[in-house]
Structures are given as structure tokens and as C-alpha cells.
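Structure first, then comments.
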Amino acid sequence: MSTIGRVDSLWRYPVKSMRGEELEESFAGFPGIYGDRVFAFRSSASHRGFPYLTAREQRRLLQYRPRFRYPDKAARPVNLIEADSKGANPLSADLAELFIDVETPDGETLAIDDPVLVEMLRANIDQKHEVTLMQSQRAMTDCRPVSIFSLQSAQQLAEETGTQVDKRRFRANIYIDLTSSKGFAENELVGRSVRIGPKAVITILERDPRCVMITLDPDTGEQAPAILKKVAQAHDGMAGVYGAVLVEGMLHKGDSVEVLD
């Protein structure tokens, strides 16, 4: 094993395309990061393979701040200690215990299922978007359960574009600070497995193909097309990597990241 870096920060996105929340610790399970993207909004105007309403259509989604109503239930599986002691799979909280309230850009707090919230999300976009709420105990990610991005890749893109590049544009679950100063070094992990912290093992499956989402400022939704253009021209349209959890376990900010094979 060789240590290649440490966890800079951990993030989950309780509602798909809304603002993320930074965590001191999180549980990496087979379905993904616990509490990640457990809610989403379906749009009738989206195609069947990707039915979601996202910030591609409604940029203001990024300015909505979701919070779990029962944060203790959303922190980790409800029987994690007992399951670990018996070598069993831990249980997720009931869906009702993973309920979310959303702070709007104007500071109002609404329940995730409030019809008023749906109407806000439909404002100033094509009204062919009929919007309905979705909930799942599995992370409703675009592709794989876990996404990883290095600080060095963000820094390289900043140098290549001559602009500041906020890492949050890439909406990763795990941001790592590599021992190498080389940007996009996480690409070299594809096909290998890493241990993060004392237990969790993630196999790196593929590079992460990027879309217009990375052009959107995570606070304002304003566009910076040069970032996606540079990723497309210089990095095959890819930035960061996707992984799947092989061994479940808790992750912590500052955990070591070790290559296993």
C-alpha cells in the first residue's frame, strides 16, 4: 500500500442539484454516501434515462439549501455499531426520518414536499416542465455511487483558464489533497482500489465526463463557459473519477487515502 493523499473535505447533496453540505464524517455504503441525493425533482420534459430537473434548466436550484429535519438519523446508518460488531450490513433510516426542509434563496423555509416549492422551481423556465418530487434510499447520482476530485485538478484548471476555480463546481463527494502536485493524477487510479481511513475501500471505475454543471458558480449560478471548454479541449471532457464502494465504512476529514493494488 502507498499513501497518495488525504481527505480534504466530504460532501453530500441531500437534494439533487441543490446546494451541498460539507461534513466532518460520512458513511460510505454500497448505495453511495449516506444521505446523498435522497431527493430529486422529476421533470416531464426530461428524457426517460435522466428524468431530473437540474441546474442545467433552473440555475437557482444551486441557491436552495436543503437540511435534514432529523440530522441525527441522517448522519449514519441507524444500527452501524451493532452491524459492525456482527459483520452485517447496516440499515438505513426510514424514509420519513430522512425528511428535508429547504431554505429558499429568499430565506424562507419550506418542506421538501410543499407545492409552493415546486412552483418556485418552475419559475422563469419553460412551463413544459411538470415537476414532481422523487425520494430514494439509494443516492440518485448521475452514474456511479461515489465521485472523487482532487484539489490539484482544480488548481490546474485555474492555471489553464486564468480564473479562480472553486472545487465545489465539481460536486464531488470526496475531495482529496494529493501528495503529488500533478493535476488530474486521480485518472491514474482508474482500475485500482483505494482505502480511505481505517476501513472503507472504494474501487475507481472510470473518469467523470463533465457537462454544463461545472460552468455554474456554486453560489450564484452564473456561468463561466471557459472551464468546460478547457476540460473538453485539454482533458477529453473528463474531470475527476467515479467509484463504487467495495467495503463499507466511515470516512473522516483528514483520513489517509491509500492505493491497495
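As a basis for the values below, the full set of heavy atoms in this structure was taken, side chains included, without hydrogen atoms, waters or symmetry mates. The first residue in the sequence is number 1, and the count goes up from there.
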Legend entry - Criterion ring-ring contact (aromatic ring centres under 6.0 Å, His included) against Phe149, the qualifying member of Phe184, Tyr242, Phe170: Phe170

Inset, instruction - Measure from the side-chain N and O atoms of Glu222 to the backbone N and O of Asp217, and report whether any donor-acceptor pair falls under 3.5 Å. - result: no

Inset, instruction - Report yes if the side chains of Thr141 and Tyr13 come closer than 4.5 Å at any heavy-atom pair, otherwise no. - result: no

Inset, instruction - Give the cluster check for Met140 versus Val102: same hydrophobic cluster or not, with ILVMFWY residues linked at side-chain heavy-atom distances below 4.5 Å. - result: no

Inset, instruction - Could you tell me whether the side chains of Arg56 and Thr54 share a donor-acceptor contact shorter than 3.5 Å? - result: yes

Inset, instruction - Would you mind reporting whether Ile176 and Ile196 have side-chain heavy atoms less than 4.5 Å apart? - result: no

Inset, instruction - With the side chain counted from C-beta on, respond yes when Asp8 and Lys167 share a heavy-atom pair under 4.5 Å apart, and no when they do not. - result: yes

Legend entry - Heavy-atom neighbours of Arg42 CZ exceed 12 at 6.0 Å: no

Inset, instruction - Side-chain contact test, heavy atoms from C-beta onward, threshold under 4.5 Å: evaluate it for Gln223 versus Leu216 and give yes or no. - result: yes

Legend entry - Test item: Glu248 and Asn89 side chains (from C-beta on) under 4.5 Å apart, heavy atoms: yes

Legend entry - Flag side-chain contact, heavy atom, 4.5 Å: Leu80 against Met250: yes

Inset, instruction - Check whether more than 12 heavy atoms from other residues, nucleotides or ligands sit under 6.0 Å from atom CD of Glu130, and answer yes or no. - result: no

Inset, instruction - Could you tell me whether the side chain of Leu157 reaches within less than 4.5 Å of the side chain of His235, counting heavy atoms only? - result: yes

Inset, instruction - Could you walk me through whether Glu25 and Arg76 pass the salt bridge (charged side-chain N to carboxylate O under 4.0 Å, His left out) test, one step at a time? - result: CA-CA 9 Å; Glu25 62 177 23; Arg76 60 176 67 191; 2.4 Å; yes

Inset, instruction - Assess whether side chain to side chain contact (heavy atoms under 4.5 Å, CB included) is satisfied between Val241 and Asp208, documenting all intermediate values. - result: CA-CA 5 Å; Val241 292; Asp208 188 343; 5.8 Å; no

Legend entry - Connected via hydrophobic side-chain network under 4.5 Å: Phe68 and Val78: no

Legend entry - Check: Glu57/Ser43 side-chain N/O donor and acceptor closer than 3.5 Å: no

Legend entry - Side-chain donor-acceptor contact under 3.5 Å, Glu159 with Gln155: yes

Inset, instruction - Decide if atom NZ of Lys199 counts as having more than 12 heavy atoms of other residues, nucleotides or ligands within a radius under 6.0 Å. - result: yes

Legend entry - ILVMFWY cluster, Val38 and Leu117 together (side-chain gap under 4.5 Å): yes

Legend entry - Joint hydrophobic cluster, Ile100 plus Met120, side-chain heavy atoms closer than 4.5 Å: yes

Inset, instruction - Take Asp142 and Lys16, measure what salt bridge (charged side-chain N to carboxylate O under 4.0 Å, His left out) needs, and give me the verdict at the end. - result: CA-CA 10 Å; Asp142 288 356; Lys16 191 175 183 70; 2.6 Å; yes

Legend entry - Residue pair Tyr64 / Pro105, side-chain heavy-atom distance below 4.5 Å: yes

Inset, instruction - Say whether Gln152 and Asp177, considering side chains only, have a donor N or O and an acceptor N or O under 3.5 Å apart. - result: yes

Inset, instruction - Can you label the angle between the Phe50 ring and the Tyr52 ring as parallel, tilted or perpendicular, going by 30° and 60°? - result: perpendicular

Inset, instruction - Go through the steps for Asn173 and Arg37 under the test side chain to side chain contact (heavy atoms under 4.5 Å, CB included), then give the verdict. - result: CA-CA 11 Å; Asn173 297 121; Arg37 296 171 171 95; 3.8 Å; yes

